[in-house]
Protein chains: 2
Amino acid sequence: MASIQGRRPPVMADVAREAGVSHQTVSRVLNEHPNVRGETRTRVLEAIDKLGYRRNLVARALVTKHSRTLGVVSFDTTLYGPASTVYGIEQAARAAGYFVSIVSLKSIDRSGVRDALDYLADQGVDGIVVVAPQRSAARALADLPLDVPAVAVEGGEAGDVPVVCVDQVEGGRLATEHLLSLGHETVWHVRGPSDWLEAEGRVAGWRAALEAAGRQAPEPLAGDWSPRSGYEAGRSLASLRDVTAVFVANDQMALGVLRAFTERGVKVPAQVSVVGFDDIPESEFFSPPLTTIRQDFGAVGRHSIGVLLRQIEGGGEHERLVVPPAFVRRASTARR
Amino acid sequence: MASIQGRRPPVMADVAREAGVSHQTVSRVLNEHPNVRGETRTRVLEAIDKLGYRRNLVARALVTKHSRTLGVVSFDTTLYGPASTVYGIEQAARAAGYFVSIVSLKSIDRSGVRDALDYLADQGVDGIVVVAPQRSAARALADLPLDVPAVAVEGGEAGDVPVVCVDQVEGGRLATEHLLSLGHETVWHVRGPSDWLEAEGRVAGWRAALEAAGRQAPEPLAGDWSPRSGYEAGRSLASLRDVTAVFVANDQMALGVLRAFTERGVKVPAQVSVVGFDDIPESEFFSPPLTTIRQDFGAVGRHSIGVLLRQIEGGGEHERLVVPPAFVRRASTARR
DNA sequence: CTACGTTATGTTAACGCTAACAACACTCTG
DNA sequence: CAGAGTGTTGTTAGCGTTAACATAACGTAG
């Protein structure tokens, strides 16, 4: 029930008066302190209910030095990957009783990351998750003198900061091995931007699988994650001879590749097999449905909060948590 | 420069001592109060720099009653629309000097919305943006006794709460009129979930355009925004006679429709024309590239912050701001 | 029955900041 | 040169909470 009186919302002292106790006793009830008599507790709770009292978390944060807020710094949360990760983070944080304050960066350079961290530190967050898929971001994070516990997501080696990431190398390997196992002589690659650690990891896995099979690795084609860049890479590939298998570093670019192949009359998977990466909700309905590598972004988000809370509460060692990717077979790949 | 001494970070009193002034003068400098002598100001700023002082925003919020934090409640920020809107909101809010605390809901029922709002109110946010595309959310918002300024995004009629939205009816009309102008006898529709206001608006625009042209409106097919539901609708449509034009309520479902048509050997746009809605980054690379209706989510986000800040600062009238959609012609539609 | 630990409660003092008022040095006016 | 204004600074008192200590009531052991 909301109070009707005056204007100002009720404070602890009001509840105390109503219940005939001291404000400290009210505080004890709220904080579930054991040494409160049952009858007193119910009287206090009744008063709280009657007055519609809500504890002022700002005042609480001032004295406890804990805001129960976590900061999240991310790059372009419009993209499926970051958006899903942030979603997982938010769910996990809220389940653990933490608020989430978010900063989305347009560009991840050192000063951008530094500003974001400063900004969040000013706000008094208890911990920070940095979704730092770019090398520059990871490096900025590593260099920064942090007075707040932090976790890097997809951060590669981020100095003293614990890292949670998907095993990109393994993903690249899975994709490439699948194509080789179908009898393809070699596998072409449309890679992501060189500043991105995820892109590097996928390239590394692709190269490793080719080498292990004793195959020559063609020069990878450069993309920027966008469908358009995939489209352009696809046009280049379509005009080459001997291209029978392509591993594309994400599903959006794979869509562009498929589009270019369609335009050029290249049949997938009859003439060329294509594997993507991410497993976005759309890829099952591409033409043809895309074979891809699934990343469990939700798990990454949850784990990052787990690691962060352990840091905040326990003290915490320098953890590094790697989430395995999963291979998803669909219709864009076929035997040579 | 960070201070090396002791442990505890410096507070205003430390700066005051260092600069040989009172802490209140430090506060004045920080708040850009006009009545501070230039020389004093620089002495204070030097002391701040020397000690690496950072103002404690929690303490500040306690006394000013303003946290400079805005709350955002949204449904499934994994989807492109909500993610883009939230991104726009976050950018605009930060530009205005506000923090953004976000709550992503899995389901938008009354209690979910109420809990989220309570949660944010507890945190002491200065205002709330509710991305409330579902009727239930809008209604929950309208019913709630709010003690904090709020804005609904895509909220339809949300009681006393100002609304910012895209003109969905107009979008539905644009899509349908385009198809009719190409000589199609009538236009079929794959609609979104009935609880969603956006879905309703698009249906209304579609129906209005058909009526204005004196055409019969076929029974709309139901979808849930997912590519799969579009795929299923597409299979149904493929088995019907006389379907030459389809307006699909979002691009993801349109992808599913295209996939179903491809499987059944229905040629787009030769046999059937398809129009989507949203203009997600992928749709330009569908096969064929999708004609669609673009929503400017960024503008919606920015406007919602504008309206909210006017509410917070000015007092504010009950605004209602409608953002127009834009027609994007690509290759999935053709003359009958 | 006294002394002492235990439980339940109250009192006081922070936390770090801003608001309100007080005080002082000036300048300006008549 | 007295009085009023103005600019600059300091002092004091909160904001609403929790932490630390003080106190009272009670049961129990010696």
[X] side chain N/O closer than 4.0 Å to the phosphate oxygens (OP1, OP2) of [N]?
X	N	result
Arg60(A)	dC15(C)	no
Thr40(A)	dA8(C)	no
Ser27(B)	dT18(C)	yes
Ser22(A)	dT11(C)	no
Arg37(B)	dT9(D)	yes

Which nucleotide wins on minimum distance to the side chain of Gln24(A), given the candidates dT9(D), dG16(D), dT18(D)?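 Looking only at side-chain atoms, Gln24(A) lies closest to dT18(D).
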Choosing from dT18(C), dG10(C), dG16(C), which nucleotide comes nearest the side chain of Ala59(B)?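 In terms of side-chain proximity for Ala59(B), the closest of dT18(C), dG10(C), dG16(C) is dG16(C).
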Quick one: [X] [atom1] to [N] [atom2], roughly how many Å, whole number?
X	N	atom1	atom2	value
Arg54(A)	dT17(D)	CZ	C1'	16 Å
Lys65(B)	dC15(D)	NZ	C1'	5 Å
Arg28(B)	dT18(C)	CZ	P	11 Å
Leu62(B)	dC15(C)	CG	P	14 Å
His33(B)	dT8(D)	NE2	C1'	9 Å
Asn56(A)	dG14(D)	CG	P	18 Å
Arg41(A)	dA8(C)	CZ	P	9 Å
Asn35(B)	dA19(C)	CG	C1'	15 Å

Would you call the rings of Tyr119(B) and Phe99(A) parallel, tilted or perpendicular, taking 30° and 60° as the class edges?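 The rings of Tyr119(B) and Phe99(A) sit tilted, inter-plane angle from 30° to 60°.
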State which residue, out of Val148(A), Val151(A), Val72(A), fulfils the side-chain contact (heavy atoms from CB on, under 4.5 Å) condition with Ile128(A).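 The passing option is Val148(A).
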Compute whether any side-chain donor of one residue and acceptor of the other, for [X] and [Y], lie under 3.5 angstrom apart.
X	Y	answer
Ser67(A)	Gln123(A)	no
Ser136(A)	Asp195(A)	yes
Gln91(A)	Ser104(B)	no

Comparing His23(B) and Val63(B) on DNA chain D - which has the more 5′ nearest nucleotide: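 The residue closer to the strand's 5' end, by nearest nucleotide, is His23(B).
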Earlier contact from the 5' end, DNA chain C, for Pro34(A) and Leu57(B):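 This one resolves to Pro34(A).
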How is Val58(B) classified with respect to the nucleic acid when contacts are heavy atoms under 4.0 Å: base, sugar-phosphate, or nothing?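 Val58(B): no heavy atom of the nucleic acid under 4.0 Å.
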